[in-house]
Amino acid sequence: MDGTQFQPIVNFIWNIADLLRDHYTKGKYRDVILPMTVIRRLDAVLEPTKVKVLQKQREDEEQGFPKRHKYLCKASGFDFYNTSHFTLKELTAHPAELKANFKNYLEGFSPNVKDILEKFKFEVQLDTLDKAGILFELVQEFCSTKVNFSISPVLDNQGKVVHQGLSNLGMGYVFEELIRKANLI
């Protein structure tokens with residue numbers, strides 16, 4: 001597979017780094033761009049089953065069961081899930097509470113995903129992004145309809161493909177190229 005087909009997605013993501021210009025040194029762009037890319041990918045992949053996961057969580061709570069990883073994973077269709085009532089896109093609906101809601105959103109991920117995100121130390125970046133006044137715009141950019149982070153294609157009203165789905169292999173190429181770019185600056 002030729003990785004050049006993913007260059008438009010890589011360029012789109014890397015151009016978001018322009019938001020960081022006055023608030024981060026170039027070498028620190030990776031501290032925001034890489035975790036946000038992972039978070040957006042997970043969000044896009046989980047979005048179609050979000051309601052099922054929340055319904056399963058609600059059923060378990062009503063029956064007095066704690067969060068049951070196995071059943072929440074089954075509801076999501078993956079080995080991970082998010083039980084926050086937010087999606088990344090929905091976070092922008094409440095700009096005044098964005099930072100707190102984003103933290104709630106991150107806390108909703110399954111333990112295996114939280115373990116990965118903790119390694120990025122992204123929560124520290126939330127404070128910086130919020131103080132700089134660019135958190136809202138950053139989330140908005142990552143949720144743009146100009147690119148598709150999902151596995152499924154995006155269709156227009158006539159059912160024509162607007163954006164192809166991004167396979168796991170394709171996402172790997174994108175992430176690898178972002179790391180390469182981050183190491184060059």
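Below, all heavy atoms of this structure are taken into account, side chains as well, without hydrogens, waters or symmetry copies.
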Exercise. To the nearest 0.5 angstrom, please state how far the CD atom of Gln55 sits from the CG atom of Asp60.
Key: 11.0 Å
Practice problem: Verify the cluster assignment for Leu20 and Phe102: are they in a single hydrophobic cluster under the rule of side-chain heavy atoms below 4.5 Å apart? | Solution: yes
Exercise. Decide yes or no on side-chain contact (heavy atoms from CB on, under 4.5 Å) for Phe78 and Val113, but give the supporting numbers first.
Key: CA-CA 11 Å; Phe78 297 97; Val113 170; over 6 Å; no
Self-check item: Pairing residues for Lys99 by the side-chain hydrogen bond (donor to acceptor under 3.5 Å, both in side chains) criterion, not counting sequence neighbours
Solution: Asp127
Self-check item: Pairwise distance CD(Gln164) to CZ(Phe6) - rounded to 0.5 angstrom
Solution: 10.0 Å
Practice problem: Quick one: closest heavy-atom pair of Ala182 and Arg30, and the distance? | Solution: CB-CB, 3.7 Å
Quiz item: Picking from Asp43, Leu42, Thr87, Leu46, what satisfies side chain to side chain contact (heavy atoms under 4.5 Å, CB included) with Asn82?
Solution: Leu46
Quiz prompt | Side chains of Lys121 and Asp31 in contact at under 4.5 Å (non-hydrogen atoms) | solution = no
Practice problem: Return the minimal non-hydrogen interatomic distance between Lys52 and Ala75, and the atom names on each side. | Solution: CE-O, 3.7 Å
Quiz item: How far apart are the C-alpha atoms of Ile151 and Val45, what are their side-chain angles, what is the distance that settles it, and do they pass the side-chain contact (heavy atoms from CB on, under 4.5 Å) test?
Solution: CA-CA 6 Å; Ile151 296 168; Val45 167; 4.0 Å; yes
Quiz item: Quick one: ring-ring contact (aromatic ring centres under 6.0 Å, His included) partners of Tyr105, sequence neighbours excluded?
Solution: Phe109
Quiz item: Which distance, rounded to the nearest 0.5 Å, do you find between the CG of Leu129 and the CZ of Phe122?
Solution: 5.5 Å
Quiz item: Between the main-chain N or O of Ile134 and the side-chain N or O of Glu137, is there a donor-acceptor pair closer than 3.5 Å?
Solution: no
Quiz item: With distance as the sole test, does His163 use its side chain to make a donor-acceptor pair with the main-chain N or O of Phe149 at under 3.5 Å?
Solution: no
Quiz item: Parallel, tilted or perpendicular: which fits the ring planes of Phe175 and Phe120, with parallel below 30° and perpendicular above 60°?
Solution: perpendicular
Self-check item: side-chain contact (heavy atoms from CB on, under 4.5 Å) assessment of Asn168 paired with Arg41
Solution: CA-CA 10 Å; Asn168 289 335; Arg41 170 59 172 200; 2.7 Å; yes
Quiz item: Counting only N and O atoms by type, is there a donor-acceptor contact under 3.5 Å from the side chain of Arg40 to the main-chain atoms of Leu88?
Solution: no
Quiz item: Among side-chain atoms of Tyr173 and Gln5, is any donor-acceptor pair under 3.5 angstrom?
Solution: no
Quiz item: Do Phe12 and Leu19 belong to the same hydrophobic cluster, where Ile, Leu, Val, Met, Phe, Trp and Tyr are linked whenever their side-chain heavy atoms lie under 4.5 Å apart, directly or via other members?
Solution: yes
Quiz prompt | Donor-acceptor contact present, side-chain Asp156 to main-chain Val162, <3.5 Å | solution = no
Exercise. Measure the acute angle between the ring planes of His69 and Tyr81, then classify it against the limits of 30° and 60° as parallel, tilted or perpendicular.
Key: tilted
Exercise. Kindly say whether Ser76 contributes a backbone atom to a donor-acceptor pair with the side chain of Thr49 at under 3.5 angstrom?
Key: yes
Quiz item: With the 4.5 Å side-chain cut-off for hydrophobic clustering, are Leu117 and Leu126 part of the same group?
Solution: yes
Quiz item: What residues form a ring-ring contact (aromatic ring centres under 6.0 Å, His included) with His85, not counting sequence neighbours?
Solution: none
Quiz item: Going hydrophobic residue to hydrophobic residue with side-chain gaps under 4.5 angstrom, can you get from Leu54 over to Tyr71?
Solution: no
Exercise. May I ask you to decide if Gly108's main-chain N or O and Thr83's side chain share a donor-acceptor pair within less than 3.5 Å?
Key: yes
Quiz prompt | Test side-chain hydrogen bond (donor to acceptor under 3.5 Å, both in side chains) applied to Asn104 - qualifying residues, sequence neighbours left out | solution = Ser84
Quiz item: Apart from Leu155 itself, what residues make up its hydrophobic cluster when side-chain heavy atoms of I, L, V, M, F, W and Y under 4.5 Å apart count as a link, directly or indirectly?
Solution: Val161
Quiz item: How long is the gap from OG1 on Thr37 to CG on Leu178, to the nearest 0.5 Å?
Solution: 5.0 Å
Quiz item: Any idea which heavy atoms bring Ala44 and Pro48 closest together, and the distance?
Solution: O-CD, 3.6 Å
Practice problem: Could you tell me whether the side chain of Ile13 reaches within less than 4.5 Å of the side chain of Phe142, counting heavy atoms only? | Solution: yes
Quiz item: Do you know which two heavy atoms are closest between Ser152 and Ser150, and how far apart they sit?
Solution: N-OG, 3.1 Å
Quiz prompt | Electrostatic pair Lys50:Glu47 at N-O distance under 4.0 angstrom | solution = no
Quiz prompt | side-chain contact (heavy atoms from CB on, under 4.5 Å) evaluation trace for Ile39 with Leu106 | solution = CA-CA 9 Å; Ile39 291 166; Leu106 293 175; 3.7 Å; yes
Quiz prompt | Any His23 side-chain heavy atom under 4.5 Å of Lys131 side chain | solution = no
Quiz item: From Glu90 CD over to Cys143 SG, what is the distance, rounded to the nearest 0.5 angstrom?
Solution: 10.0 Å
Quiz item: Got a donor-acceptor contact below 3.5 angstrom from the Asp115 side chain to the Pro111 backbone?
Solution: no
Self-check item: Results of side chain to side chain contact (heavy atoms under 4.5 Å, CB included) for Glu107 - residues two or more places apart only
Solution: Lys114
Quiz item: Should Met171 and Val154 be counted in the same cluster of Ile, Leu, Val, Met, Phe, Trp and Tyr side chains packed under 4.5 Å apart?
Solution: no
Exercise. Give a yes or no on this: more than 12 heavy atoms of other residues, nucleotides or ligands lie within 6.0 Å of atom NZ of Lys74.
Key: no
Practice problem: Measure the CG-NZ distance between Leu34 and Lys119 for me, rounded to the nearest 0.5 Å. | Solution: 15.5 Å
Exercise. Dump the intermediate steps for side chain to side chain donor-acceptor pair (under 3.5 Å) on Glu97 and Asn101, then the final yes or no.
Key: CA-CA 6 Å; Glu97 296 92 31; Asn101 291 344; 4.5 Å; no
